[in-house]
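Below, chain A is the first sequence line, B the second, and so on; all start at residue 1.
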Amino acid sequence: MELFESPMTRLIDDAEGGIRYWPSFVDAATADDWFARLRDGATWKSQRRMMYDREVDVPRLTASYWLDGLSPDCPMPFADMLVQVHDLAPAPYTAVGMNLYRDGRDSVAMHHDKLRMLTPGLPLALVSLGNPRRMRIRAQADHRDAIDVELAHGSLLVMSHASQLSHEHGIPKTARPVGPRMSAVFRARPPR
DNA sequence: GAAGGTCAAGCGCA
DNA sequence: CTGCGCTTGACCTT
């Protein structure tokens with residue numbers, strides 16, 4: 001029995017649970033702790049990409065880890081995070097990918113997660129930490145009605161595998177002054 | 001190996 | 001202010 005029921009909003013529905021959002025997945029102190037440990041402990045990578053006749057920065061930092069073989073004294077909070085994620089979205093997660101949006105100029109274009117990173121029928125779980133940022137979600141087939149969700153500090157967004165075929169999502173830039181925001185996406189990747 | 005999709009910044013526009 | 005759709009090109013997937 002759960003002592004506290006975390007409120008959930010279903011943003012999109014489909015046969016696999018659609019897209020579900022828990023704004024207060026963990027308390028602020030836990031989220032603060034996770035944010036600091038991931039920010040300081042992860043190996044953040046900066047990437048470049050061609051755009052017309054020049055090379056530009058990919059507008060965010062990235063890091064990724066396999067979840068097997070993590071040493072017990074790993075300073076990263078993945079084990080704690082997995083326990084919490086499993087409560088609401090149980091799946092055999094094997095990998096975590098992280099994005100660090102340093103300020104409002106950082107962003108990610110509308111996209112869907114690469115299907116080879118996912119296993120059919122299994123969800124992905126996105127933990128948001130730090131400054132809230134708006135995520136836009138819209139159907140692939142019809143861009144007219146989009147859903148915006150403010151991804152809060154310590155929130156969880158769970159997206160079904162099916163939703164990655166039907167919908168795309170992104171984090172637009174914003175002119176508002178905003179602090180850093182981090183996402184940690186847990187995926188059940190098929191074996192290589 | 002050919003073909004198609006992705007996704008970076010900036011622009012005009014709604 | 002904000003989002004959309006267009007643009008090129010290197011890289012990736014099919």
Does the side chain of A/Thr119 come under 3.5 Å of the side chain of A/Arg189 through a donor N or O and an acceptor N or O? no
Which part of the nucleic acid does A/Asp53 contact within heavy-atom distance under 4.0 Å: base, sugar-phosphate only, or nothing? nothing
Using 4.0 Å as the upper bound for N to carboxylate O, is an ion pair formed by A/Asp106 and A/Arg181? no
Rounded to whole Å, the CD-P distance (A/Glu168 to B/dC7) equals 9 Å
For A/Arg60 and B/dA8, is the shortest distance between a side-chain N/O and OP1 or OP2 below 4.0 Å? yes
Between atom CZ in A/Arg134 and atom P in C/dC4, what is the gap in whole Å? 11 Å
Taking for A/Leu115 and for A/Tyr52 the nucleotide of DNA chain C with the nearest heavy atom, the one nearer the 5' end belongs to A/Tyr52
Examine the side chains of A/Ser166 and A/Gln140 and answer whether a donor and an acceptor come within less than 3.5 Å of each other. no
Spacing of A/Met110 atom CE relative to C/dT2 atom C1', expressed in whole Å: 14 Å
Side-chain donor-acceptor pair present, A/Ser160, A/Asp14, cut-off under 3.5 Å: yes
So does A/Arg138 get a side-chain nitrogen or oxygen closer than 4.0 Å to the phosphate oxygens (OP1/OP2) of C/dC4? yes
What nucleic acid atoms does A/Arg48 come within less than 4.0 Å of, heavy atoms only: base, sugar-phosphate, or nothing? nothing
Side-chain N or O of A/Lys114 less than 4.0 angstrom from OP1 or OP2 on C/dC11? no
Using OP1 and OP2 only, check whether a side-chain N or O of A/His143 sits under 4.0 Å from C/dG5. yes
Run the salt-bridge test on A/Arg49 and A/Glu55 with the 4.0 Å N-O cut-off and return the result as yes or no. no
Please report the distance, rounded to the nearest Å, between CZ in A/Arg133 and P in C/dT2. 10 Å
CD of A/Gln140 versus P of C/dG5: gap in Å, rounded? 13 Å
What is the distance, to the nearest angstrom, from the CZ atom on A/Arg54 to the P atom on B/dA9? 8 Å
Residue pair A/Met50/A/Arg116 against DNA chain C: nearer the 5' end by closest nucleotide is A/Met50
Tell me whether the rings of A/Phe78 and A/Tyr65 are parallel (<30°), tilted (30 to 60°) or perpendicular (>60°). tilted
Using OP1 and OP2 only, check whether a side-chain N or O of A/His112 sits under 4.0 Å from B/dT6. yes
Under a plain distance cut-off of 3.5 Å, with no hydrogens placed, do A/Thr30 and A/Asp27 share a side-chain donor-acceptor pair? yes
Spacing of A/Arg144 atom CZ relative to C/dG3 atom P, expressed in whole Å: 20 Å
Note: contacts of residues 172-184 of chain A with DNA chain C (heavy atom, under 4.0 Å) are A/Pro172, A/Lys173, A/Thr174, A/Ala175, A/Arg176
What is the distance from CG of A/Asn99 to P of B/dC7, rounded to the nearest Å? 12 Å
